[in-house]
Structure formats: structure tokens, C-alpha cells
Amino acid sequence: MTMIRTRIKSIAHYVPEHVVTNHDLTKYMDTSDEWIRERTGIEERRYAHKHKETTTTMAARAAEKAIQQAGISKEDIDFIIFATLSPDYYFPGCGVLLQRELGITNTEVGALDIRNQCSGFVYGLSVADKFIQTGTYKNILLVGSEKHSMGLDFRTEGRGVTVIFGDGAGACILQPTEEEGRGVLTTHLHSDGTNAEELAMINPGSHGGYHLDDVDFGYPDSNDPGGIFVTQKMVDDHMLGPNMTGQLVFKTAVTKFPAVIQEALDATGYQSSDIDMLIPHQANLRISAFVQKKLGLRDDQVYNNIQKYGNTTAASIPIAMSEAHEEGKIKDGDLVCIAAFGSGFTWGSALIRW
Ligand code: UT7
């Protein structure tokens, strides 16, 4: 019996026009181009237009290109998977907003929202792969998109997080293939919630202080019915942004990345030398360099573009994959590996025969 696998039929990306250099950030906070380059490799990032661009509209621009390149019409899409940590609304998720933005009126289409932050694209690919292998769907639109610029703290207090992140979107069309040896060969997903708050945006949320009673969120000490989502103290004390224990995340990332890539190689019987292109989630150029060294890969076997875009979380892998493909660095028949680690903590990998 022929095996059905998932093929990345097309891949595209969209980044906003507005370039923000490291030097630009020094106008708002005590930082320097030298510090940011040395610690992260980032030289500049893109910021979406405050009012005219959202996580969904950026995703739609990338999706339109992917749909066109796949040679299908938007009405052929039978499932949407949207990975983001910076959605337009708290709910509903961006999946249905993307459906509307693209003008897809077919209500047979399902829209799934993925909340796995930096690992969102790998998680989304893994879910899509199962739907395609079982014959459920034939044209899945998978996107990762982020508008980080809306929620960053531009004071010096926020510099450890703010300088890293950028905005952008990547999208692909996934289809079944029966071509021998082609497509997604394996996917591997992991999670460990022990350090959930070490890379998180906690407020607003339903936590009510649970697990976090050493922090004063300004909850009134009363038995009035109903919980409180946002307090004035959260606004006044700048508690409505992301926080990160950078060194813990860094140390964990450099062990999980190589391990989860090795897991994908072991599952398929390949060696790291067989990888034609590794696309690591663009978290920090030093993390990518460490992973490259650990796996003994040459420079031409690893693609990085964090220098231009910063860390775009769920969008970083599809943006990098799209650029690598455009530049001819991923070709038909290549063995492509993607891997991610981030908030949760969650991490994962996939091996794809292009
Ligand atoms: O994709 C999601 C996953 N996220 C990651 O993978 C991020 C992983 N972590 C990292 O990439 C690094 O930990 C960072 C780039 C975030 C930080 O680099 P670091 O080498 O771990 O620096 P640090 O946090 O230990 O801070 C060192 C110093 C501190 O000053 P003192 O206490 O030594 O005086 C910070 O206050 O650097 C200071 N600092 C800055 N200085 C200038 C922190 N951020 C900045 C900044 N500009 N932007």
C-alpha cells in the first residue's frame, strides 16, 4: 500500500515595512547596538503598523502568497491552523479572523488556534500531518504570525525582553503526497510545565494569584462574586507584558534543541551529516551556533535570519524556511530539519524530505 505523507507544497512570508534598528531602540531605553549584537546576533527587526496591521492581517498577506504559489484557490483550503502568542483578540483566536480576512466563506473549513509560542509552527505541522495522513484534509493552511511590538515594554526595565522580539508572518500550504520518500518523515513534540512562568505573559489572566501569591497583583481582599482579569495595579506597575528569565531559557534551550533534533534523526535512521538544511527557531544566534556546533554541522547546513527580523516566535521558522527556499538554499529532495524551543517550556522537531 502506498503511504500518504504531508508535503509542503508552498511556503511564503510577510514582514512589515518598518525597520527598527538596535540604534533606534537606544532612544527609548538604556541599551546599545553592541550589547544586542553580541548577546543575540540581532541587528534590526520589523514592527507592524500600530493600527493598520495586526497578527491576522500579516498572516493573510503571507497566506495569499502561499495560496498563489501552491496554484490553488482560497476556496480549496479545507483547514486552517494558526499559531501565535500575540492574537488580535483574547478570543476568538486568529484562525477564524484569517478565514474572514481571506474571504473564505466555506463553513466546512475548520480553524484551529495553536498556543505553543516558539514551538507553535512545529506543533501545528505535527497536527496537520496527522490530518493529512488520515485523509481528512487535502489543503491545510498553516501559519505562524506575531505582532510583538504591541505588547513590549520600551522602558529600560523591559530591555532584556524587548530588544529580542520582532513582528512578521509565515504561511504554508500542506498537501498529501504519495511520492516515495517525500514529505514530512517524522515529528516530535515535548512539554514540561515546571517553569511555565519563567517565560510568560501572565496578565491579564484568570490566575487570581494562584501559584503566584508572593506577587501583589492588586486583587481586592473581598468575597464579591466574580474574578478579576485586570487590576489598576497591573496597569500602573507595568505588569501587562512578557517576562523572561533569559539565562534559564538559554541553558535549557541549548540542551533541548540538539536532543530533539537527534530524536528525529534516530527515528528515521539519518545522521546529522545527512541534513541539507537545519532551520532552528530564531531565538538567539548564539543558541543556533551552539546547536550547529553540537551537531557538527557546516555553516551551509544551517539557516539563520534573526539578524534582520529578531525573534518572531511562531513565525520565525516559516519566515526562515520561506527565505531559504526563495534563495535556493532548500531544493527538491533536500532533507530539511526544523526545531523549536520556547515558553511552556515546549519544544519539538520535524524532518522533511522536500
Ligand atoms: O524564543 C523564546 C525563547 N527565548 C530565548 O531563547 C531567549 C534565551 N535567552 C537569551 O537569549 C539571553 O539570556 C538574553 C539575550 C535574553 C540575555 O542575555 P544574557 O547574556 O543572558 O544577559 P543577562 O540577562 O544575564 O544580563 C546581563 C546584563 C545585566 O546587567 P548586570 O546585572 O550584569 O549589570 C542586564 O541588566 O546585561 C543587562 N542587559 C542589557 N544591557 C543592555 C539585559 N538586557 C540588556 C539590553 N541592553 N537590552
Side-chain angles (χ1 to χ4, degrees), residues 20-45 83-86 114-123 144-149 151-168 170 190-193 195-201 241-261 279-292 294 304-307 309-320 338-349:
V20 177
T21 64
N22 293 341
H23 182 71
D24 291 335
L25 292 177
T26 64
K27 291 177 207 150
Y28 307 98
M29 62 187 78
D30 179 14
T31 188
S32 66
D33 178 51
E34 191 190 10
W35 191 98
I36 302 170
R37 276 178 202 251
E38 265 179 24
R39 306 275 176 140
T40 70
I42 299 165
E43 294 164 21
E44 57 190 42
R45 73 285 294 135
T84 187
L85 66 66
S86 50
I114 300 260
R115 296 203 47 175
N116 287 87
Q117 295 66 250
C118 307
S119 315
F121 188 80
V122 180
Y123 266 72
S145 180
E146 304 287 359
K147 185 178 173 182
H148 285 305
S149 57
L152 298 171
D153 181 353
F154 287 91
R155 301 170 308 144
T156 293
E157 289 88 328
R159 65 185 180 178
V161 172
T162 300
V163 300
I164 297 171
F165 293 100
D167 301 342
H190 293 274
S191 66
D192 176 0
N195 292 307
E197 287 79 17
E198 302 303 327
L199 176 46
M201 181 164 154
N243 64 276
M244 173 168 75
T245 310
Q247 290 198 9
L248 173 71
V249 178
F250 193 101
K251 279 183 201 150
T252 317
V254 294
T255 62
K256 298 301 184 195
F257 263 108
V260 80
I261 293 168
I279 300 179
H281 159 55
Q282 303 290 292
N284 182 321
L285 198 58
R286 281 162 57 219
I287 296 179
S288 293
F290 187 95
V291 175
Q292 174 178 346
K294 181 95 182 160
N304 288 302
N305 61 4
I306 191 170
Q307 301 90 328
Y309 303 130
N311 179 340
T312 57
T313 312
S316 93
I317 291 178
I319 293 175
I338 62 173
F341 173 86
S343 163
F345 297 150
T346 64
W347 60 104
S349 65

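Each ligand, and each atom within it, is numbered from 1 in the order the structure gives.
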query: If you count the atoms of ligand 1 from 1 in the order shown, which ones are under 4.0 Å from a heavy atom of Asn311?
result: 1 (O), 2 (C)
query: Should Gly246 be counted as touching ligand 1, given the test is an N or O pair under 3.5 Å?
result: yes
query: Got a second to check how far Leu25's CG is from Thr162's OG1, nearest 0.5 Å?
result: 8.0 Å
message: Once you restrict to heavy atoms under 4.0 Å, what part of Met29 touches ligand 1? Side chain, backbone, both or neither.
response: neither
Which residue and heavy atom of the protein sit nearest atom 39 (N) of ligand 1, plus the separation: Trp35 CZ2, 3.4 Å
message: Heavy-atom distances under 4.0 Å decide this one: backbone, side chain, both or neither, for Thr313 against ligand 1?
response: neither
statement: Closest to atom 23 (P) of ligand 1 among protein heavy atoms sits Gln247 NE2, 3.9 Å
- request: Please write down residue, atom name and distance for the protein heavy atom closest to atom 22 (O) of ligand 1.
  value: Arg39 NH1, 3.3 Å
- prompt: In terms of ring plane angle, is the pair Tyr28 and Phe154 parallel, tilted or perpendicular, where the classes change at 30° and 60°?
  reply: perpendicular
- request: Compare Leu248, Ile164, Val161 and give the one whose heavy atom is closest to atom 16 (C) of ligand 1.
  value: Ile164
- line: the protein heavy atom lying closest to atom 35 (C) of ligand 1 turns out to be Arg159 NH2, 3.9 Å
message: Taking only non-hydrogen atoms of Gln282, do any sit less than 4.0 angstrom from ligand 1?
response: no
message: Whether the Asn22 and Glu43 side chains hold a donor-acceptor pair (N or O, under 3.5 Å, no angle test) is what I'd like checked.
response: no
- prompt: Quick one: does ligand 1 sit under 4.0 Å from the side chain of His281, the backbone, both or neither, non-hydrogen atoms only?
  reply: side chain
- request: Mark up the atoms of ligand 1 that fall under 4.0 Å of a heavy atom belonging to Gly160, in ascending order.
  value: 16 (C), 44 (N)
task: Determine, step by step, whether Ile42 and Ile164 satisfy the side chain to side chain contact (heavy atoms under 4.5 Å, CB included) criterion, reporting the C-alpha distance in whole Å, the side-chain angles of both residues, the deciding distance to 0.1 Å, and the verdict.
output: CA-CA 7 Å; Ile42 299 165; Ile164 297 171; 4.2 Å; yes
- prompt: Would you say Asn284 and ligand 1 have an N/O pair spaced under 3.5 Å apart?
  reply: yes
Nitrogen or oxygen atoms of Thr40 and ligand 1 under 3.5 Å apart: no
- request: Nearest heavy atom to atom 46 (C) of ligand 1 wins, so pick from Thr31, Ile306, Asp30.
  value: Thr31
statement: atom 4 (N) of ligand 1 has as its nearest protein heavy atom Val249 CG1, 3.6 Å
- request: First locate atom CD of Gln117, then atom NE2 of His281, and finally report the distance between them rounded to the nearest 0.5 Å.
  value: 10.5 Å
task: In sequence, state the C-alpha distance, the side-chain angles, and the governing distance for Trp35 and Asp30, and then conclude on side chain to side chain contact (heavy atoms under 4.5 Å, CB included).
output: CA-CA 10 Å; Trp35 191 98; Asp30 179 14; over 6 Å; no
message: Under 4.0 Å, heavy-atom basis, I'd like to know which part of Cys118 is in contact with ligand 1: side chain, backbone, both or neither.
response: side chain
Ligand 1 versus Ile287: contacting region, heavy-atom distance under 4.0 Å: side chain
